[in-house]
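We use all heavy atoms of the structure for the numbers below, so side chains are in, but hydrogens, waters and symmetry mates are not.
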Amino acid sequence: MDADTDFPDDLVDLERDRQTLLQQLKAIPPRPWTDTAGIEHRTDQGWVPEHDQEVAQLRARLTEASLALSTHEYWQTFSGPDRVAAKSRLKQAVKASLADDQGT
């Protein structure tokens with residue numbers, strides 16, 4: 001990463017984990033549901049009951065990663081809009097890195 005995106009390695013790892021967990025959650029088919037009229041929706045999209053446990057585990061890990069990321073001491077070196085901009089740069093840098101890793 002260049003000087004504009006020179007973040008501590010552990011912070012980059014946390015953001016990478018967060019983004020990876022989000023992708024894993026997006027890959028799970030949506031859970032079917034029934035509306036108030038009794039009509040079932042999304043019943044043919046591949047969801048199985050085991051996905052409930054997988055989603056719960058991924059969400060718990062995502063919460064942990066997000067909390068560690070948002071409370072990282074590095075952010076104390078910034079204030080106000082600068083902190084927001086730095087967090088945005090981190091997200092974009094990691095997103096680009098992940099895309100490069102996947103060859104997209």
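Hydrophobic clustering (side-chain heavy atoms under 4.5 Å, transitive across Ile, Leu, Val, Met, Phe, Trp, Tyr) groups Leu14 together with Phe78.
Between Gln19 and Leu98 the shortest side-chain heavy-atom distance falls below 4.5 Å. Using a 4.5 Å heavy-atom cutoff, the side chains of Asp101 and Arg16 are in contact. Here the side chains of Pro32 and Gln45 are not in contact, with every heavy-atom distance at 4.5 Å or above. Using a 4.5 Å cut-off on side-chain heavy atoms (C-beta onward), Leu21 and Leu25 make no contact. The shortest distance between side-chain heavy atoms of Glu15 and Lys87 does not fall below 4.5 Å. In this structure, Arg31 and Arg42 have side chains that are not in contact, with every pair of non-hydrogen atoms separated by 4.5 Å or more. Inter-residue side-chain proximity for Ile39 and Thr34 is flagged as unmet; no heavy-atom pair is nearer than 4.5 Å. For the pair Leu58/Ile28, a side-chain contact is recorded, criterion being any heavy-atom separation below 4.5 Å from C-beta on.
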Anything under 3.5 Å between a donor and an acceptor, one on a side chain of residues 59-66, the other on a protein residue two or more places apart or in another chain? List them.
{"from": "Thr63", "atom 1": "OG1", "to": "Arg59", "atom 2": "O", "distance (Å)": "2.9"}
{"from": "Ser66", "atom 1": "OG", "to": "Leu62", "atom 2": "O", "distance (Å)": "2.9"}

Practice problem: Determine, stepwise, if the pair Leu11 / Trp75 fulfils side chain to side chain contact (heavy atoms under 4.5 Å, CB included). | Solution: CA-CA 10 Å; Leu11 190 62; Trp75 302 125; 3.6 Å; yes
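Summarising the geometry, atom CZ belonging to Arg18 is positioned 8.5 Å from atom CG belonging to Leu90; distances are rounded to the nearest 0.5 Å.
Within 6.0 Å of atom CG in Asp35, more than 12 heavy atoms from other residues, nucleotides or ligands are found, so the atom counts as buried in its surroundings.
The residues Arg89 and Asp82 are annotated as not salt-bridged, no charged nitrogen and carboxylate oxygen being separated by less than 4.0 angstrom.
With sequence neighbours excluded, no residue forms a salt bridge (charged side-chain N to carboxylate O under 4.0 Å, His left out) with Asp13.
Judged by distance alone, the side chain of Trp33 and the main-chain N or O of Thr43 form no donor-acceptor pair under 3.5 Å.
Under the 30°/60° scheme for interplanar angles, the aromatic rings of His51 and Trp47 are found to be tilted.
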